There are 2 protein chains.
Amino acid sequence: MSFASIPPMVRRSRSVGAEVAAHLERLITSGELRAGDRLPAERDLAASLNVSRASLREAMFELESKKLIERHQGRGSVVAEQPEGVSQLYEGLSELDVEIANATELRDLVEPRIAQLAAVRAADSNLLSLEEVLARSHEELSPEESLALDVEFHTLLAHAAQNPLLVTLCTMTTDWTRRTRELSHRTLEGRRISVSGHRAIFDAVVARRAVPAGAAMERHLREIREVSSRA
Amino acid sequence: MSFASIPPMVRRSRSVGAEVAAHLERLITSGELRAGDRLPAERDLAASLNVSRASLREAMFELESKKLIERHQGRGSVVAEQPEGVSQLYEGLSELDVEIANATELRDLVEPRIAQLAAVRAADSNLLSLEEVLARSHEELSPEESLALDVEFHTLLAHAAQNPLLVTLCTMTTDWTRRTRELSHRTLEGRRISVSGHRAIFDAVVARRAVPAGAAMERHLREIREVSSRA
DNA sequence: TCGGCCCGGTGGTCTGACCAATGAGTACCA
DNA sequence: TGGTACTCATTGGTCAGACCACCGGGCCGA
């Protein structure tokens, strides 16, 4: 097996540990090391690579975090089973998407509750403001106008829930998911769904029916998401 | 800043490095350490955490691979720019003058969902941390210790839900409702209820049963509130 | 045969030393 | 005066060696 020492020359761009990790990763992905193969003991491997055990361990940490190897105290380390292209999969999944997903998750949690509370607590003045926004909403508006009214509706609803924390959360999640919402307001269908969804929520709130209000909000969010995912 | 040493007692489930990494990650995602903050030098940090520099460096590798920190030879390490929102959420909510009732309302909303998501998403390491906290929890503890473990349990659970926004939210609501919680931990009954509630939540999470986990959390919050209202 | 003990191998952790990059303060010269 | 080059403390990077904790297998006695 070729655990040959790494050429000492050209090793100055990356750290020793990273260099070793890359070396071992190449051995694995190229097939020289197969799943289930036992790696030499850390002390031996470090010696054959002419690096300290500390650096070797740094490399091992990296490989382990990439699930390329498994380590077991007292037993040694083995090359892990490779669930088909793990390495690439690991790189993938844009962090941006993850963040949006997190924000969306929070929004899905908060908004229905806002609708419920608004149904219970909304003052007349809240209802008037909401009604006014709805009166200004129709599907012929430009995407920008439609989006602005959308934001306004949700913000006013949050105010109607009479909890400043929910207003803040609503504002922030609305902001973070802006891109998704922009997409959905681009199409006529998206604008139509937005308006009708708001209408349904408002009707439930006015009727002081908390549970239906929450349900209407859930449906609204789901529909909007479907539209924007098609766009 | 609370780089307080990690409780040395029951630390045998995970490696020292992993433990330190989890500790620091909690400080970061919960907002105690903010983006741009400089970390103490490795030697100093290792000393304040009562671990060797080697173990600390293992933790640093892990945090770096998660892009939570950046390290620069000769300059030190800093907390990396946070994934969209977390710091924003933290700042936005910090500025508010929060009424306890509002915070409680938000907590009742967020925590059950956290429990549900944790049941679905918790990694083995999350479960280990939670189990360890439970192992350290019993009703004979002092009110302060009991409260600290309570906070830790909920924070770890939020981490298990794998959404940094929820971690931040959990941290903040926990902080706001601190006085209520202090009351409930003063009595033996309160501590007993706390522990048994956590146990029930944990069991549901381990069993990967989302809905029961959420229900257990709701019950837990309700019981705690009843105890503290009687106090 | 079976159970417990011991022991070698392996990863886990710690210590302390030295190397190398960085940047700020300082002395020097044009 | 201004800029340049140097010095040096600080900090991460690497190394060597020691000891601990865990695992598994072999040995030995019941």
Side-chain angles (χ1 to χ4, degrees), chain A residues 1 3 5-24 33 36-80, chain B residues 1 3 5-24 33 36-80 124-125 128 132:
Chain A
M1 179 48 59
F3 288 110
S5 143
I6 299 178
M9 301 305 191
V10 205
R11 198 216 284 160
R12 277 313 96 190
S13 44
R14 288 184 288 182
S15 74
V16 176
E19 196 74 24
V20 171
H23 179 65
L24 294 176
L33 288 173
D37 281 0
R38 176 99 179 275
L39 288 174
E42 293 187 351
R43 292 164 181 77
D44 302 338
L45 187 49
S48 25
L49 292 170
N50 274 314
V51 299
S52 72
R53 199 179 155 206
S55 294
L56 191 263
R57 277 174 62 82
E58 179 188 335
M60 300 289 260
F61 291 141
E62 188 177 331
L63 294 179
E64 186 183 30
S65 82
K66 289 187 182 179
K67 312 241 195 231
L68 288 173
I69 64 173
E70 288 173 13
R71 344 178 54 211
H72 307 278
Q73 176 164 358
R75 278 191 288 159
S77 303
V78 297
V79 178
Chain B
M1 179 46 61
F3 288 109
S5 142
I6 298 177
M9 303 304 191
V10 198
R11 202 216 281 152
R12 281 311 97 191
S13 40
R14 291 187 290 178
S15 74
V16 175
E19 196 74 25
V20 171
H23 179 65
L24 294 176
L33 288 173
D37 281 0
R38 176 104 178 269
L39 288 175
E42 292 187 352
R43 292 165 181 77
D44 301 338
L45 188 49
S48 29
L49 292 171
N50 274 313
V51 300
S52 72
R53 202 179 153 209
S55 294
L56 174 66
R57 277 174 63 80
E58 179 188 333
M60 301 290 260
F61 292 142
E62 186 177 333
L63 294 178
E64 187 182 30
S65 82
K66 289 187 181 178
K67 301 203 202 281
L68 288 173
I69 64 172
E70 289 172 12
R71 345 178 53 210
H72 308 278
Q73 177 166 357
R75 277 191 286 160
S77 304
V78 297
V79 177
D124 289 345
S125 60
L128 278 176
E132 191 226 319

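Quick caveat: nothing in here was measured; it's all calculated off a predicted structure. By convention in this document, chain letters (A, B, ...) are assigned in the order of the sequence lines, proteins followed by strands, and residues within each chain are numbered from 1.
- Residue B:R38 places no side-chain atom within donor-acceptor reach of the base of D:dG12, judged by atom type and a 3.5 Å distance cut-off alone.
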Would you list the atom pairs, donor with acceptor, under 3.5 Å between side chains in residues 52-61 of chain B and any protein atom, with sequence neighbours excluded?
unit_1: B:S52; atom_1: OG; unit_2: B:A54; atom_2: N; d: 3.4
unit_1: B:S52; atom_1: OG; unit_2: B:S55; atom_2: N; d: 3.2
unit_1: B:S52; atom_1: OG; unit_2: B:S55; atom_2: OG; d: 3.4
unit_1: B:R53; atom_1: NE; unit_2: B:E42; atom_2: OE1; d: 3.0
unit_1: B:R53; atom_1: NH2; unit_2: B:E42; atom_2: OE1; d: 3.2
unit_1: B:R57; atom_1: NH1; unit_2: B:E42; atom_2: OE1; d: 3.4
unit_1: B:R57; atom_1: NH1; unit_2: B:E42; atom_2: OE2; d: 3.3
unit_1: B:E58; atom_1: OE2; unit_2: B:S15; atom_2: OG; d: 3.4

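- When every heavy atom of B:E62 is checked against every heavy atom of B:A18, the shortest pair comes out as OE1-CA, 4.2 Å.
- Out of C:dG11, C:dT13, D:dT14, the shortest distance to the side chain of A:S52 is found at D:dT14.
- If you take OG on B:S77 and CZ on B:R38, they are separated by 8.5 Å, rounding to the nearest 0.5 Å.
- B:L45 has its side chain out of reach of B:V20: every pair of non-hydrogen atoms, C-beta onward, lies at least 4.5 Å apart.
- Between A:L63 and the options A:L68, A:L39, A:V79, a side-chain contact (heavy atoms from CB on, under 4.5 Å) holds for only A:L68.
- Residues from residues 70-79 of chain B that place a heavy atom under 4.0 Å from any atom of DNA chain D, listed by number: B:R71, B:H72, B:Q73, B:G74, B:G76, B:S77.
- The distance from atom CD1 of B:I69 to atom P of D:dT11 is 15 Å, rounded to the nearest whole Å.
- At C:dC14, one or more side-chain N or O atoms of B:S55 fall inside 4.0 Å of OP1 or OP2 (strictly under the cut-off).
- Counting to the nearest Å, the C1' atom of D:dC19 and the CZ atom of A:R53 are 11 Å from each other.
- Spacing between atom CG of A:L39 and atom P of C:dG11 amounts to 9 Å, rounded to whole angstrom units.
- The distance between atom CE of B:M60 and atom C1' of D:dG13, rounded to the nearest whole Å, is 12 Å.
- For DNA chain C, if you chain together Watson-Crick or G-U pairs that step i with j, i+1 with j-1 and so on, the runs of at least three with distances under 3.5 Å are C:1-30 with D:1-30.
- The CD atom of A:E42 sits 16 Å away from the P atom of C:dG9 (whole-angstrom rounding).
- Atom-to-atom, CD of B:E58 to P of C:dC14 comes out at 10 Å; the value is rounded to the nearest Å.
- Between the C1' atom of D:dT14 and the CG atom of B:L56 lies a distance of 16 Å, rounded to the nearest Å.
- Comparing D:dA16, C:dC14, D:dG12 by their closest approach to the side chain of B:R43 singles out D:dG12.
- Computed from coordinates, the B:N50 CG to C:dT15 C1' distance equals 15 Å when rounded to whole Å.
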